[in-house]
Chemist: 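For reference, the structure I am asking about is given below.
Not measured: the values here are computed from a predicted model.
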Amino acid sequence: YLPMRSLIFLAILSLLALTFPIAIASDPSPVQDFCVGVNTPSNGVFVNGKFCKDPKLATIDDFFFTGLDRQRVASNAVGTNVTAVFADNLPGLNTLGIAFARVDYAPNGLIPPHTHPRASEFLIVQEGSLYAGFVSSDQDGNRLFCKILNKGDLIVFPVGLIHFHVNVGRGPAVAFTAFNSQNPGLITIAKTVFGSNPRINPNALAKAFQLDPRIVMSLQTKF
């Protein structure tokens, strides 16, 4: 039989093993009702990249955002317009571990392959049809999980995996996304690889992608 101290020690290790993955899977839980984020200190505490407003000075407007019903013009190079609702423009989200966005798509518009290193993502279609999916890791054989989504359909993108969504309908489309982090992060694959500062050596990318170095250099001029 193990001594009592050893049993207690093993029990503590078991609890840590169970709780540690949960602790690192999402933003830390707040230990107060709210921490309305402000950019300048006023006897405040610095939490998650922002100072906390005095809770007694918080108002409903710190937790309110309007205008997500309005259509946005999607005129950028990939034909989408993202309206983010993060702690920067909704201060009451600070420390709550969530974020939100509206995505407007022009015909054939897309959100190109990208990852969120700190969050899983829900995407629900409000209008139109989207082709959406994600790719599993190397260990899983880089399997593509994809589906055509129509109004009212929802898909989940697991944290850290490359995913995308494309408007495949005849007209504009709208979707809403939600994240389990107040700062999910964004790594757009093409922009990161071909638009880094300074540039990655074209010969290295040519070998990695099995391309002519001249094609790589041409791609680098586009980002």
Chemist: Can you name the residues that form a salt bridge (charged side-chain N to carboxylate O under 4.0 Å, His left out) with D153, not counting sequence neighbours?
Modeler: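 By the salt bridge (charged side-chain N to carboxylate O under 4.0 Å, His left out) rule, D153 matches no residue at all.
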Chemist: Considering residues at least two apart in sequence or located in another chain, which fulfil the ring pair (Phe, Tyr, Trp, His ring centres under 6.0 Å) criterion with F176?
Modeler: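 For F176 the ring pair (Phe, Tyr, Trp, His ring centres under 6.0 Å) partners, ignoring immediate neighbours, are F100.
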Chemist: What pair of heavy atoms forms the shortest contact from A101 to A84, and how long is it?
Modeler: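 Where A101 meets A84 most closely, the heavy atoms are CB-CA, 4.1 Å.
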Chemist: Taking only residues two or more places apart in sequence, or in another chain, which ones meet R143 in a salt bridge (charged side-chain N to carboxylate O under 4.0 Å, His left out)?
Modeler: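 R143 satisfies salt bridge (charged side-chain N to carboxylate O under 4.0 Å, His left out) with D140 once adjacent residues are dropped.
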Chemist: Please identify each residue that fulfils salt bridge (charged side-chain N to carboxylate O under 4.0 Å, His left out) with R102, with sequence neighbours left out.
Modeler: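 D104.
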Chemist: Transitive ILVMFWY cluster of V103 at side-chain heavy atoms under 4.5 Å: who else is in it?
Modeler: V82, Y105, I111, L123, V125, L130, F134, F145, L149, I155, F157, L161
Chemist: If hydrophobic clusters are built from ILVMFWY residues whose side chains come within less than 4.5 Å, do M217 and F223 share one?
Modeler: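 Result: no, two separate clusters.
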Chemist: May I ask you to decide if G109's main-chain N or O and N167's side chain share a donor-acceptor pair within less than 3.5 Å?
Modeler: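 Flag not set: sc N167 to bb G109 has no pair under 3.5 Å.
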Chemist: Mark yes when over 12 heavy atoms from residues, nucleotides or ligands other than N76 sit less than 6.0 Å from its CG; otherwise mark no.
Modeler: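 Count over threshold, so yes.
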Chemist: Between V156 and P158, which heavy-atom pair has the shortest distance, and what is it?
Modeler: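 Closest heavy-atom pair between V156 and P158: O-CD, 3.7 Å.
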Chemist: Could you state the interatomic distance from CZ (R118) to CG (N183), rounded to the nearest 0.5 Å?
Modeler: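 Result: 4.5 Å between the selected atoms.
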Chemist: Return the CZ to CG distance between F65 and L93, rounded to the nearest 0.5 Å.
Modeler: 10.0 Å
Chemist: How far does CG of L96 sit from CG of D33, to the nearest 0.5 angstrom?
Modeler: 10.5 Å
Chemist: Is V135 reachable from I187 through a run of I, L, V, M, F, W or Y residues, each pair having side-chain heavy atoms under 4.5 Å apart?
Modeler: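 Per the 4.5 Å side-chain linkage, I187 and V135 are not co-clustered.
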Chemist: I need the full list of salt bridge (Lys or Arg N to Asp or Glu O under 4.0 Å) pairs touching residues 172-185, with sequence neighbours left out, sorted by first then second residue.
Modeler: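 Every candidate salt bridge (Lys or Arg N to Asp or Glu O under 4.0 Å) pair involving residues 172-185 fails, so no pair, neighbours aside, qualifies.
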Chemist: Which pairs pass salt bridge (Lys or Arg N to Asp or Glu O under 4.0 Å) with one or both residues in residues 178-188, sequence neighbours excluded?
Modeler: none
Chemist: Given the rule that I, L, V, M, F, W and Y join up when any side-chain heavy atoms are under 4.5 Å apart, are L110 and L144 in one cluster?
Modeler: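 Yes, same cluster.
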Chemist: What about F164 and V78, same hydrophobic cluster or not, with Ile/Leu/Val/Met/Phe/Trp/Tyr joined at side-chain heavy-atom distances under 4.5 Å?
Modeler: yes
Chemist: Please examine the side chains of F122 and L154, heavy atoms only from C-beta on, and report whether any two atoms are closer than 4.5 Å.
Modeler: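 The answer is yes; the side chains approach within 4.5 Å.
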Chemist: Which value, rounded to the nearest 0.5 Å, describes the distance between L57 atom CG and C52 atom SG?
Modeler: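 One gets 12.5 Å once the value is rounded to the nearest 0.5 Å.
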Chemist: Which atom names give the shortest non-hydrogen contact between A74 and G79, and what distance separates them?
Modeler: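 Closest heavy-atom pair between A74 and G79: CB-O, 3.4 Å.
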Chemist: What pairs of residues pass the side chain to side chain donor-acceptor pair (under 3.5 Å) test when at least one of them lies in residues 121-135, not counting sequence neighbours?
Modeler: H116-E121, E121-H163, S129-N150
Chemist: Could you list all the salt bridge (Lys or Arg N to Asp or Glu O under 4.0 Å) pairs where at least one residue sits in residues 212-223, not counting sequence neighbours?
Modeler: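 Qualifying pairs: D212-R214.
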Chemist: Measuring only between side-chain heavy atoms, which start at C-beta, is T115 closer than 4.5 Å to I189?
Modeler: yes
Chemist: Is any side-chain heavy atom of F194 closer than 4.5 Å to one of L205?
Modeler: yes
Chemist: So, do V193 and F209 sit near enough that their side-chain heavy atoms are less than 4.5 Å apart?
Modeler: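 They are in contact (side-chain heavy atoms under 4.5 Å apart), so the answer is yes.
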Chemist: Rounded at 0.5 Å granularity, tell me how far CD in Q220 sits from CD1 in I215.
Modeler: 12.5 Å
Chemist: Hey, does the side chain of N94 reach the backbone of C35 with a donor-acceptor pair shorter than 3.5 angstrom?
Modeler: yes
Chemist: Which pairs pass salt bridge (Lys or Arg N to Asp or Glu O under 4.0 Å) with one or both residues in residues 61-72, sequence neighbours excluded?
Modeler: K53-D62
Chemist: Using atom types as modelled and distance alone, determine if a side-chain donor or acceptor of S120 lies under 3.5 Å from a backbone N or O of V159.
Modeler: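 Present.
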Chemist: Nearest 0.5 Å, what's the NZ-CG distance between K191 and L186?
Modeler: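 Taking NZ in K191 and CG in L186, the distance rounds to 8.0 Å.
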Chemist: Under the side-chain contact (heavy atoms from CB on, under 4.5 Å) test, which residues partner A119, sequence neighbours left out?
Modeler: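 Once residues adjacent in sequence are excluded, the partners of A119 under the side-chain contact (heavy atoms from CB on, under 4.5 Å) criterion are F179, N180, S181, P184.
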Chemist: Check ring pair (Phe, Tyr, Trp, His ring centres under 6.0 Å) between F63 and all other residues, then give those that pass, not counting sequence neighbours.
Modeler: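 Ring pair (Phe, Tyr, Trp, His ring centres under 6.0 Å) list for F63, sorted by chain: F34.
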